[in-house]
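Hydrogens, waters and symmetry mates are skipped; everything else that's a heavy atom, side chains included, is used. Just so it is clear, the structure is predicted and the values come from calculations on it, not from any experiment. FYI, the numbering just counts along the sequence from 1.
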Amino acid sequence: MVFFATAVSGCVSFKEIKAFASVSANAASHDALTRNYIEAPDRRKQYQPEKFHGELEAQKARREAQRASLDLLQQTVTDYMQALEGLATGDIRPYDKSLTNLSSDLNDATLLDRNEKEAVEALSTILARTVTATYRLHELKKIVEESNQPLLDIISATRKIVKKGIAPDLQVESTLVERYYDNFMLAPDNPPEPVAMALAKEVRAEALGRLENRLRSIQAYDVVLEKIARGHQYMYDHRDMIENEEFGRQLKQYTAELRAAYESLLDISRE
């Protein structure tokens, strides 16, 4: 095992697989977008009449239930990338997720369709078999080959939720905020109070700025997912060259693009 780990760590291409997998695992597990999505109904209460608060509470409850879908998608990608990193370094660790519990997790993932659930199940099964079969250096090709399609399907499912669910929801929230403050400032029975109007404009701008930042974060996360997919597709397309130094040099470029996208996401999240 010591010889195996040393041989792997000394190979340029495997160093780059480790780097790509490490950044991918960290980036895929970014869960701030899920928290923002679930907290949105609470934020909306201040912009909508009280008669709508009951529906907002129900909406929040539905989103709490939907959390399982995003959590499962993100965790499956993270688990795979951690396993890939382990194979590249020789640090092979047991896959500690129970396949027995996977059925229950998939039932809870109400946002996923049948094909998306099958992709999660396929990739989880590959991870479990990776440990029991004790994959070695030469079998990295096999795990990349078998995992590529389910991984791409999982990433596609995540991007669908991000682009068709969370992003439009933020745009709706932005419209509600604009309408709320515009109605206040333009109300005919409001006395012309310069200080109050200036304060309302400032608060409006801050609220819209926060929403714009959340939307930019969502868009940045989508770019990260696209970079992970492209990098893994490169590995799949050139899996027969994994021990070639040219493979490592090319993968390093994909890793650099992914790292830049992830750092941009983190920068936006800190604003």
Please enumerate all residues that pass side chain to side chain contact (heavy atoms under 4.5 Å, CB included) together with [X], with sequence neighbours excluded.
X	answer
Lys252	Glu16
Asn148	Leu152, His232, Gln233, Tyr236
Glu57	Asp42, Lys45
Leu111	Gln66, Ser69, Ile161

So ring pair (Phe, Tyr, Trp, His ring centres under 6.0 Å) across residues 207-229, not counting sequence neighbours, yields none
Donor-acceptor under 3.5 Å ([X] side chain, [Y] main chain):
X	Y	answer
Ser264	Ala260	no
Thr125	Glu121	yes
Ser13	Ile242	yes
Ser29	Ala25	yes
Glu257	Tyr254	no

With sequence neighbours excluded, what pairs up with Asp31 under the salt bridge (Lys or Arg N to Asp or Glu O under 4.0 Å) test? Arg35
Can you pull out every salt bridge (Lys or Arg N to Asp or Glu O under 4.0 Å) where at least one residue sits in residues 207-219? Sequence neighbours excluded, please. Arg216-Glu271
Only pairs at least two apart or in different chains count here, so list each salt bridge (Lys or Arg N to Asp or Glu O under 4.0 Å) that has a residue in residues 47-56. Glu55-Arg62
Apply side-chain contact (heavy atoms from CB on, under 4.5 Å) to the pair Val120 and Glu116, showing each step before the final yes or no. CA-CA 6 Å; Val120 171; Glu116 291 162 350; 6.0 Å; no
Contacts of Asn26 meeting side-chain hydrogen bond (donor to acceptor under 3.5 Å, both in side chains) (sequence neighbours excluded), chain-then-number -> none
Test of understanding: with side-chain hydrogen bond (donor to acceptor under 3.5 Å, both in side chains), list the residues that count as partners of Glu85, not counting sequence neighbours. none
Less than 4.5 Å apart, any side-chain heavy atom of [X] and any of [Y]?
X	Y	value
Leu70	Ile166	yes
Leu84	Leu140	yes
Val77	Ser24	no
Lys141	Glu145	no

Quick check: are there more than 12 heavy atoms from other residues, nucleotides or ligands sitting under 6.0 Å from NZ of Lys117? yes
Starting from the C-alpha separation in whole Å, work towards a yes-or-no answer on side-chain contact (heavy atoms from CB on, under 4.5 Å) for Gln219 and Asp222. CA-CA 5 Å; Gln219 293 166 339; Asp222 183 59; 5.6 Å; no
Looking only at heavy atoms, what is the nearest atom pair of [X] and [Y], with distance?
X	Y	value
Arg43	Gln46	O-CG, 3.1 Å
Pro41	Leu56	CB-O, 3.4 Å
Pro150	Ala122	CB-CB, 4.2 Å
Ile143	Tyr80	O-OH, 3.9 Å
Leu258	Val224	CD1-O, 3.8 Å

Starting at [atom1] of [X], measure out to [atom2] of [Y] and round the result to the nearest 0.5 Å.
X	Y	atom1	atom2	answer
Leu102	Leu123	CG	CG	10.5 Å
Thr255	Lys15	OG1	NZ	14.0 Å
Phe247	Asp240	CZ	CG	10.5 Å
Ile155	Arg230	CD1	CZ	12.5 Å
Ile154	Gln149	CD1	CD	10.5 Å
Met241	Leu251	CE	CG	11.5 Å

Gln75: which of Asp71, Thr78, Asp79 passes side-chain hydrogen bond (donor to acceptor under 3.5 Å, both in side chains): Asp79
ring-ring contact (aromatic ring centres under 6.0 Å, His included) partners for Phe20, two or more places apart: none
Listed by chain and number, what are the ring-ring contact (aromatic ring centres under 6.0 Å, His included) partners of His238, not counting sequence neighbours? Tyr234
Honestly curious: do Val172 and Leu215 fall in one hydrophobic cluster under the side-chain, below-4.5 Å linking rule? no
For the hydrophobic clusters of this structure (ILVMFWY residues joined by side-chain heavy atoms under 4.5 Å, transitively), does one cluster hold both Val162 and Leu211? yes
Steps toward side-chain contact (heavy atoms from CB on, under 4.5 Å) verdict (Lys201, Tyr181): CA-CA 8 Å; Lys201 288 180 181 179; Tyr181 285 105; over 6 Å; no
Under the side-chain contact (heavy atoms from CB on, under 4.5 Å) criterion, do Leu87 and Ile17 qualify, and how do the steps go? CA-CA 9 Å; Leu87 285 169; Ile17 291 175; over 6 Å; no
Result of checking Asn107, Asn101, Asp105 against Ser103 for side chain to side chain contact (heavy atoms under 4.5 Å, CB included): Asn107
Among Leu170, Leu265, Asp267, find the residue that satisfies the side chain to side chain contact (heavy atoms under 4.5 Å, CB included) test when tested with Ser217. Leu265
